[in-house]
Amino acid sequence: MHFKQEAGRKDFIAGPANSSMVAEDIVEEKYPFLKVEKKWRGRWAEEDLCVVEDHGDRPKYYCLEMFPYPSGKLHMGHVRNYAIGDVVARFKTMQGHDVLHPMGWDAFGLPAENAAIKHGVHPSDWTWENIAAMREQLKQLGVSYDWRRELATCHPGYYRWTQWLFLQFFHRGLAVKDKAPVNWCPSCATVLANEQVVNGGCERCKSPVEKRELAQWFLKITEYAARLLNDLKQLPGWPEKVKIMQENWIGKSEGAEAVFPIPGSQEKIPIFTTRPDTLYGVTYMVLAPEHPLVEKLTVPEKAAAVAEFVARARNLSELMRTAGEGEKNGLFIGSYCINPLTGEEVPIFIANYVLMEYGTGAVMGVPAHDQRDFEFARKYNLPIRVVIQPPGEELAPETMTEAYVDEGVLVNSGPFTGMENLPAMRAITAYLEENGSGRGRLNYRLRDWLISRQRYWGAPIPIVYCGRCGTVPVPEEDLPVLLPYDVAFKPTGQSPLKDCPDFVNTACPRCGAAAQRETDTMDTFICSSWYYFRYTSAREEGGPWDRAKIDRWLPVDQYIGGVEHAIMHLLYSRFFTKFLCDIGLVGVEEPFTNLLTQGMVLKDGAKMSKSKGNIVSPEDIMARYGADTTRLFILFAAPPERDLEWSDQGVEGCARFLNRVWRLVNAVLPEIKGSHLPKQRLIGVNRELRRLTHLTIKRVTEDVERFNLNTAVSAVMELVNGVYRFVDCVPKTDRDAGVLREAAETILLLLAPFAPFLSEELWARLGHRGSIHRRPWPKYGPALLVQEKVTVVVQVNGKVRGRVILPAEAEPKEMEQEALREPRIRKILADKDVVKVITVPGKLVNIVAR
RNA sequence: GCGGGUGUGGCGGAAUGGCAGACGCGCCAGACUUAGGAUCUGGUGGGCUCAGCCCGUGGAGGUUCAAAUCCUCUCACCCGCACCA
């Protein structure tokens, strides 16, 4: 803005700047947020402002934020998540979409049960009270949710369909019960999913995790591994980072399976390798300690030692096992197997570095070409056989200090000797296949999803065990299997359901005989894997959802939440969606088209936490500054994807800004009410203000579209500053009320998604009848953005040495001439020769001189 | 170890290869005030021989008329995964 220079007539205002504004029309100096928020919360609810129809005629937009666990209190992370989502939802609404913007509760889970044990509150009561409290806080924050669609995963009307979905998996053989070594947290007395084990400890309580063999329910997500991996390519709207994390988690590796027979036995040991080209270099075999063949293949004289080794490995927590700093320990179990390629016998070991969970639980030992095998062989004096020679070098086992893992030419490899190792991989794999000793194989790191929890506060698994009929699914019409309310919560570690005869004892749905219910409940990630479908038909009773509504709303156009869900929640949801698509219940293969992962809210450089005592409570901030200020600060302080450092002073600044808007609009109100833009062409300051208004529309629109919400806010701030300068510096007789009105209304419209209360109140004060939140998003006129004159920077050898004011459309030739004419530039160029001149139209002239 | 990210004033942060530091905070000075933790105005990267010039986006090179931005190497911090055969 150039008002200042242009005007140079600040003096026309007799008194201080603000006297011209406020003195004549006394309004509240400060935005009375308490009063205003209360008023509009009530009106909006009455008018169903945020209710969205399923059969609207505008294009749909599904804006979803990750639903919270109802801990009882909103924290700043929630505020950030929901403030971002609300800007998107309100923006899209104003842009003419029917926006589905729902909220619910991820309401099952451990904390409720812990509260029951600790404070004697029933998990259900505790949870519903928390939900009520948090719902109020969200309403206070002014988030535009369609509350008619609210859902809670712990409500029987919801978990009925969670159970129903489980049965769909069960009927198709994708929900199976299996004995499995599981991660057991002795403190929580429950089974943990692999993803819930962090550094060998329990994700929640950090105590070391043990291994136990238990019969557990699994969902066979591994059947979808390939699709879950490949379809990541179909998600251009996801952050690269998240896709890479999922890719690594699925962990595809290409290789071969080779089968090593046992001499004089029917038993065979299949192994998985990514290096079939090194099969000729095998000098030993290693089984995981838990491998089922260990017992059979151990010779009697080794039995005691092996049993001890296995027992130790088995009971050792994951933590202890990995804490060994990679020290490889093993034991020869006395028997041998045969290399299918060479016919050679190699000794069989067990070792701590081989994991039962990956591949086949057995590994061929190729010390020359695998670093782990190399270390193991050196430690136990096993032979090292080189089968790949690097170009221009001759490896010898005696002199090697580490394994050679790169490319080379095969040696000592029978018919394959002399081949490059890459083609040899394919050749050897083919050879294995021909001889029935193996085949090409893809292996995934991803494991099946263990969903059993030995807990009360979860959706019961709808299964009955009958002495005669075995495992029987609960018929769909008998759903939901209700959680009994009257159960005892004792810190025994056993599920309270086990001690609840009324729940356990039932009749077999098939034969009617006395039978027992499954007492495990489902992992809460199951509940959160389909909630985004349920929002479309939250009260539907004839099925999990109304298919027509799914087709209208899905996929979610924008999903917003923390990165901490990058793997589990998002992978499980994708898995569910693919399964449901396969069985014809939904029409989409991917649930979330665009994903925004917001950063954390930090205080003093660290995540807010009770133990650090650096928590800032949204409640306090909202009480002190109001919802709009709270939202605005959190949106302004950093771009959504980055971590955000909390600043009390920053909040203060945002409150100050909203007060400035408040005073400005109130002050100009009498002047602009009823005025209109003039028909004739604008000139001077009026034209300049109009240009700034439209430039701001452009900037804010584009910024919001790219989620640069912080710069969107700063653009509005600049417009506000510009209008202040306009009102302060331009006498009333010179300024156009219509232009001023357009500027003021634009400020409110652009601010509406960020500060919904204040903008609504001022909008009403300007005499508008309907809600500002139903107004169309402003559009800018490209023609209004053009400047007549622009300041062109003149550089000499890349350094700014002057400026010239030129018509915006000046030709390069003209720009060059004007630049060279500038006195300062002439002085600098006096003793130099101009070599070259570069011009950027409307912007810059760079003179290269020597 | 592997993968990803981030380094810009006192602070949060802006900059389609084209004026580094928009906007906000803080700070300094001033105005109005009994008062100011209200409001407004002006200033605010560092340095110097201060109308001007030099330096400056973690560091070192390079490409270019022009680099925070592109390339090479390097350092620091953060986040995932981690004996994955």
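Please read these numbers as outputs of a predicted model, since none were measured by experiment. Numbers restart at 1 for each chain; the letters A, B, ... are given by sequence-line order, proteins then strands.
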Checklist entry - So does N721(A) get a side-chain nitrogen or oxygen closer than 4.0 Å to the phosphate oxygens (OP1/OP2) of G24(B)? => result yes
Open item on the list: Could you tell me how far C75(B) sits from A66(B) if I compare only their C1' atoms? Round to whole Å.
Closed with: 28 Å
Item to complete: Return no unless some side-chain N or O of R447(A) is found under 4.0 Å from OP1 or OP2 of C84(B).
Response: no
Check: Looking for any heavy atom pair under 4.0 Å, which part of the strands does I838(A) touch: base, sugar-phosphate only, or nothing?
Finding: base
When both distances are under 3.5 Å in a Watson-Crick or G-U wobble arrangement, the nucleotide paired with G17(B) is none
Practice problem: Side-chain contact test, heavy atoms from C-beta onward, threshold under 4.5 Å: evaluate it for I634(A) versus M76(A) and give yes or no. | Solution: yes
Picking from G24(B), G18(B), C84(B), the nucleotide nearest the side-chain atoms of F636(A) would be G24(B)
CG (L806(A)) and OG1 (T791(A)) are apart, to the nearest 0.5 Å, by 9.0 Å
Counting any heavy atom closer than 4.0 Å, what does D373(A) reach on the DNA or RNA strands: base, sugar-phosphate only, or nothing?
-> nothing
- [ ] Could you give the distance separating G7(B) and C53(B) at their C1' atoms, to the nearest angstrom?
- [x] 30 Å
Examine A38(B): is either OP1 or OP2 under 4.0 Å from a nitrogen or oxygen in the side chain of R663(A)? Give yes or no.
-> no
Pairing partner of C2(B), by Watson-Crick or G-U wobble and under 3.5 Å for both distances, is G80(B)
Between A22(B) and G13(B), how far is it from one P atom to the other, in whole Å?
15 Å
Next item on the list: Report yes if a donor N or O on one partner sits less than 3.5 Å from an acceptor N or O on the other, where the partners are the side chain of K836(A) and the base of C65(B); otherwise report no.
Entry: no
Here the distance between atom P of C83(B) and atom CZ of R372(A), to the nearest Å, is 9 Å
Of the listed G18(B), C40(B), C25(B), the closest approach to the L844(A) side chain comes from G18(B)
Of D370(A) and D703(A), the one whose nearest nucleotide on RNA chain B sits closer to the 5' end is D703(A)
Whole-Å distance, F349(A) CZ to A85(B) C1', equals 17 Å
Picking from A14(B), A85(B), U41(B), the nucleotide nearest the side-chain atoms of D728(A) would be U41(B)
Is G653(A) touching bases, backbone alone, or none of the nucleic acid, heavy atoms closer than 4.0 Å? sugar-phosphate
**Prompt:** What integer number of Å spans the P atoms of G80(B) and G43(B)?
**Reply:** 45 Å
Are the aromatic ring centres of Y353(A) and F376(A) under 6.0 angstrom apart? yes
Here the gap from I697(A) atom CD1 to I747(A) atom CD1, rounded to the nearest 0.5 Å, amounts to 11.0 Å
**Message:** Applying a 4.0 Å non-hydrogen cut-off, can you work out what S647(A) is touching in the nucleic acid: base, sugar-phosphate, or nothing?
**Reply:** nothing
Is there a side-chain contact between R656(A) and the phosphate of G26(B), meaning an N or O under 4.0 Å from OP1 or OP2? yes
**Asked** Base, sugar-phosphate, or nothing for V840(A), non-hydrogen atoms under 4.0 angstrom?
**Response** base
CD1 of I348(A) to SG of C337(A), rounded to nearest 0.5 Å, is 4.5 Å
Closest of C84(B), C83(B), G7(B) to the R642(A) side chain is G7(B)
Q. How far does the C1' atom of C73(B) sit from the matching atom of C78(B), given to the nearest Å?
A. 22 Å
- Look at all strands and tell whether N710(A) reaches a base, only sugar-phosphate, or nothing, counting heavy atoms closer than 4.0 Å. sugar-phosphate
Pick the C1' atom in A15(B) and in G62(B), then give their distance to the nearest Å.
-> 24 Å
Quick note, R445(A) side chain, CB onward, closest among A85(B), A14(B), C84(B) is C84(B)
From CG of L658(A) across to C1' of A38(B) the rounded distance in Å is 16 Å
Atom CE of M717(A) and atom P of G13(B) are separated, to the nearest Å, by 15 Å
With syn defined as a glycosidic angle within 90 degrees of 0 and anti as anything else, the base of G9(B) is syn
Angle class for the H369(A)/Y404(A) ring planes (parallel below 30°, perpendicular above 60°, tilted otherwise)?
perpendicular
d(Y31(A) OH, F657(A) CZ) to nearest 0.5 Å is 12.5 Å
query = With sugar-phosphate meaning primed atoms plus P, OP1 and OP2, does Q795(A) contact a base, only sugar-phosphate, or nothing at under 4.0 Å between heavy atoms?
reply = base
In whole angstroms, the gap separating P of G4(B) from NZ of K241(A) amounts to 12 Å
Discussion item. Using a 4.0 Å heavy-atom cut-off, does R850(A) contact any base of the nucleic acid, only the sugar-phosphate backbone, or nothing at all?
Written reply: nothing
Base, sugar-phosphate, or nothing for D643(A), non-hydrogen atoms under 4.0 angstrom?
-> sugar-phosphate
Whole-Å distance, K379(A) NZ to C83(B) P, equals 17 Å
When both distances are under 3.5 Å in a Watson-Crick or G-U wobble arrangement, the nucleotide paired with A22(B) is none
Any strand, both distances under 3.5 Å, Watson-Crick or G-U wobble: C53(B) pairs with G47(B)
Exercise. Indicate, with a heavy-atom threshold strictly under 4.0 Å, whether R824(A) touches base, sugar-phosphate, or nothing.
Key: sugar-phosphate
Answer for the Watson-Crick or wobble partner of A38(B), both distances under 3.5 Å, is none
At 4.0 Å (heavy atoms only), tell me whether V800(A) reaches a base, stays on the sugar-phosphate, or touches nothing. sugar-phosphate
Classified by glycosidic angle (syn within 90° of 0, else anti), C54(B) comes out anti
Checking G3(B), C83(B), A22(B) against the side chain of N248(A) (C-beta onward), the nearest is G3(B)
Assign each of N708(A) and K799(A) the nucleotide of RNA chain B bearing its closest heavy atom; nearer the 5' end lies the nucleotide of N708(A)
From OH of Y724(A) across to P of U41(B) the rounded distance in Å is 9 Å
Using the C1' atom on both, measure C70(B) against G12(B) and round to a whole Å. 28 Å
**Message:** I'd like the P distance from C11(B) over to U64(B), given in whole Å.
**Reply:** 35 Å
When rounded to the nearest 0.5 Å, the distance separating NZ of K379(A) from NZ of K328(A) is 9.0 Å
Aromatic rings H569(A) and H565(A): how do their planes relate, parallel, tilted or perpendicular, breaks at 30° and 60°?
perpendicular
Per atom distances to the V354(A) side chain, the nearest of G12(B), G80(B), A85(B) is A85(B)
In Watson-Crick or G-U wobble terms, with both distances under 3.5 Å, the base opposite U72(B) is A60(B)
Rounded to whole Å, the CG-C1' distance (N797(A) to C65(B)) equals 8 Å
Next item on the list: Please check the phosphate of C54(B) (OP1 and OP2 only) for any side-chain N or O of R801(A) closer than 4.0 Å.
Entry: yes
(message) Given 3.5 Å as the limit, does a donor-acceptor pair link the side chain of Q795(A) with the main chain of G802(A), or not?
(response) no
